[in-house]
Amino acid sequence: MLKQILDRLRDSNEPVNLADLSRELGVARSALDGMLMQLVRQGKLREVLQAPGEDCGHCSGCASGHGSPIEVKAYEVIT
Amino acid sequence: MDKKITVALAGNPNTGKTTIFNALTGARQHVGNWPGVTVEKREGNREHKGAAIHVVDLPGVYSLTAYSLDELIARRFILEEKPDLVANIIDASNLERNLYLTTQLLEMGIPVVLVLNMMDMARSRGLQIDPEKLSTLLGVPVVPCIASRGEGIDAVMDTIVSVAAEHKPGVSLNYGREVEHAISTIEELLQNRPLPHKATPRWTAIKLLEDDEDMIEGHDEIAQDAAISEARMKSLAHLSNVYGDEAETVIADARYGFISGLMKDAVRKPATQRVSMSDRIDRVVLNRWLGIPIFLAVLYGLFQLAFTVSIPFMDWIDAGFGWLAERAIGVEGWFGALLRDGIIGGLGSVLVFVPVIFLLYIALSILEDCGYMARAAFVMDRLMHKIGLHGRSFVPMMLGFGCNVPAIMATRTIENPKDRLVTILVNPLMSCGARLPVYALLAGAFFTAHQGLVVFSMYAIGIVLAILLAWIFRKRLVRGESGHFVMELPPYRMPTIKGVALHTWERGRSFLVRAGTIIFSIVIVIWALDYSGALEPIGRVIAPIFAPTGFGQWQSAVTLVFGILAKEVVVGTFGTLLGTGEAGIGAALGSQLGWTPLIAYAFMVMTLIYVPCMATIAVTRRETGSWKWTFFMIGYTLVLGWILATLIFQIGRLFGG
Ligand SMILES: Nc1nc2c(ncn2[C@@H]2O[C@H](COP(=O)(O)OP(=O)(O)O)[C@@H](O)[C@H]2O)c(=O)[nH]1
């Protein structure tokens, strides 16, 4: 399964939607989350943080410095 | 009391472990720390059917690897203290994920009771779990319960007592021929030796194959043993040869395979796989062909709405400043001029656009809060990837619609420095809120019937240019590999009034603050320079550069120069230089500067593209750490803006515009 996930991501020439991946592999979303977490620990994936994590003190796109108002959690394959 | 039983509670976080621990032990609890660490250890006692049960709550974990302290604590306790059994608490509604820990508990060869908690949630999700089947396949008792209602706790206790009496471990997972061979080879070498943490030889062998740090680094007597080390290396090489992957992954995959089998045999999912509302919307919104048209349509709708709704409000504010201007007519001398041309003409002309800016921010906040913007970013990223670009730069781009400064800061999340640089360089092309007053002013004056469309076209031009230039920069300036990503889109949500109000205010406030401070000061300076007659000569020196664009008047040139300080200043400068008069700045542009709709459009494109504002320049310098790239950004935007404005004006003229 882990190998399948990595292969699927490496073979794709575009970002993959987690919901699609879950459907394709027939794995529940929560289980898939667990697998991604495991790949992160194994150093195969890197979790991409979303928020700049800092209030820039300027016009805030990051609502009150609490991070990006657009949440997309992403994992990148480490090559 | 004749029997003493120690039971360890193990489970993923949020499975109801604490609830069950409390139900089992009641008030007889003791809280301390695990030896040597500051992780909380809870223990409690109870009697049941003549047995004294000692319950130890292990930290909530997803697996039993050596990657985290909690996991090490949990597994060391099980190995070293050898409780009579482990009660594995499982969230039945997330069975597939939770069973991973179960497979690892089974591996340890200890008796296990599977507590299927949250059965109510599982039922409401339409999952039909067959506990008996599960029990047969796992070789351990399975007890369904709903801990929050106290249902099934007695059965859990009964089972604990009976399992402790039998002391029989569950099934042993089969990892497939090759892995099993490797395990038994190493296992044999481990027989009759004292093993770390009093583990079994099989478990130790598996950990050695998994490259488990705790086993390898902490225990030289095993890992450095010549025979074991050689067998291990040979096995690892062989497995990697056969499977094309590390043993760790192969073993984990075997566990997942086992779980997938369990799920097929013991769980029935709802007959017609329920397609959630979110999925249904996503099928359309994320559709390969419809995704981008939908995004553009949403943007278009957004501007139409923002303009239609805000016009009456803008008229009121305009009328208010008109009334003030009338009062100011009587004020004599320089102060009267300052009041009329500087404050009312300059600052007032910017403030008129507060309603449309706030409406845009409201609309953006709604789109963000409901989860749509994340989808739009995904769709755009997919497009970017198609043309060979990094696949995760569109979130910062989308944030640019609010303001480019936080948007550029948000690029910090892009790991690859080249991708990040490109994303920073093109970010100013995403039209920010500060440019909106300029579009609103000119679209209102020259394109009354199609305001929304004209303003939308600015945003669209910005997006197209950003993609195009990102592509060019990636090809020419900063080459490199692009990443592979999986993205998790947030669920759709009904935006809350509070959330939208907060996000709108966060953005809107900064606009107001800027209007009251920076823009106000700049407008005063411009007024003073103009009053003293210093502006016109400067403007006349620069103006010829813009002759081919149609806006070669000295006032326009001065406006663009000051617009670099902050884009709203463009409107304020026109207000100061032309006076708002009866018919407003728009009419003055036509009558005093001879502007036509074509020139106005060329000027809007120029405002969109040319040199980003000071704040953006500063943040670019800071984030890239390079003056070279900062000047490059200033340079390319200036040249590009000029070229496009010229093209629009010259070509438009050919067609009689
Ligand atoms: N619906 C439902 N909720 C439960 C059940 N058991 C526990 N909960 C709730 O799940 C949440 C997490 O429980 P908790 O015991 O703190 O989980 P822990 O993190 O595993 O210790 C709490 O809000 C509990 O009230 C259950 O059987 N059904």
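Chain letters run A, B, ... following the sequence lines, proteins first and then strands; every chain starts at 1.
- The CZ atom of B:Phe485 sits 10.5 Å away from atom CG of A:Leu45, with the distance rounded to the nearest 0.5 Å.
- Using a cutoff of 4.0 Å between basic side-chain nitrogens and carboxylate oxygens, B:Glu248 and A:Lys44 are not scored as salt-bridged.
- With a threshold of 4.5 angstrom between heavy atoms, A:Met35 approaches chain B through its backbone and through its side chain.
- Chain A forms more heavy-atom pairs under 4.5 Å with one residue of B:Phe401, B:Tyr372, B:Tyr62 than with any other, namely B:Tyr62.
- For chain B, the nearby part of A:Leu21 is the side chain; its heavy atoms alone come within less than 4.5 Å.
- Counting heavy atoms from C-beta outward, A:Asp33 and B:Glu488 have side chains that approach closer than 4.5 Å.
- Both the backbone and the side chain of A:Ser30 come within contact range of chain B, with heavy atoms under 4.5 Å apart.
- Across B:Leu364, B:Asn94, B:Leu286, the residue that shares the most heavy-atom pairs under 4.5 angstrom with chain A is B:Asn94.
- Residue A:Arg8: no heavy atom, backbone or side chain, is found under 4.5 Å from chain B.
- B:Glu213 CD: 12 or fewer foreign heavy atoms inside a 6.0 Å radius.
- For the set B:Cys432, B:Ser68, B:Pro490, the count of heavy-atom pairs under 4.5 angstrom toward chain A peaks at B:Pro490.
- At a threshold of 4.5 Å between non-hydrogen side-chain atoms, the residues B:Asp279 and A:Arg23 count as touching.
- Of the possible donor and acceptor atoms, none in the side chain of B:His484 sits under 3.5 Å from a partner among the backbone N and O of A:Pro15.
- For B:Ala407, no part lies under 4.5 angstrom from a heavy atom of chain A.
- Neither the backbone nor the side chain of B:Leu95 comes within less than 4.5 Å of any heavy atom of chain A.
- When all heavy atoms of B:Val486 and A:Asn17 are compared, the closest pair comes out as CG2-C, 4.5 Å.
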Derivation and outcome, side chain to side chain donor-acceptor pair (under 3.5 Å), residues A:Gln38 and B:Tyr100 = CA-CA 11 Å; A:Gln38 194 166 355; B:Tyr100 193 77; 2.7 Å; yes
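- Rounding to the nearest 0.5 Å places CG of A:Asp20 at 8.0 Å from CG of B:Asp282.
- Using a 4.5 Å heavy-atom cutoff, the side chains of A:Val16 and B:Met487 are not in contact.
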Between A:Gln42 and B:Glu210, is a side-chain contact (heavy atoms from CB on, under 4.5 Å) present by the stated rule, with each step listed?
-> CA-CA 10 Å; A:Gln42 289 184 7; B:Glu210 282 185 305; over 6 Å; no
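- Rounding to the nearest 0.5 Å places CG of B:Asp245 at 8.5 Å from CG of A:Leu2.
- For the atom pair CD of A:Glu14 and CZ of B:Arg382, the computed distance is 5.5 Å after rounding to the nearest 0.5 Å.
- Looking only at side-chain heavy atoms (C-beta outward), B:Ser63 and A:Arg41 come within less than 4.5 Å of each other.
- When each of B:Arg255, B:Glu96, B:Arg375, B:Met263 is checked for heavy-atom pairs under 4.5 Å with chain A, B:Glu96 comes out on top.
- In this structure, CZ in B:Phe378 is found 10.0 Å from CG in A:Leu18, a value given to the nearest 0.5 Å.
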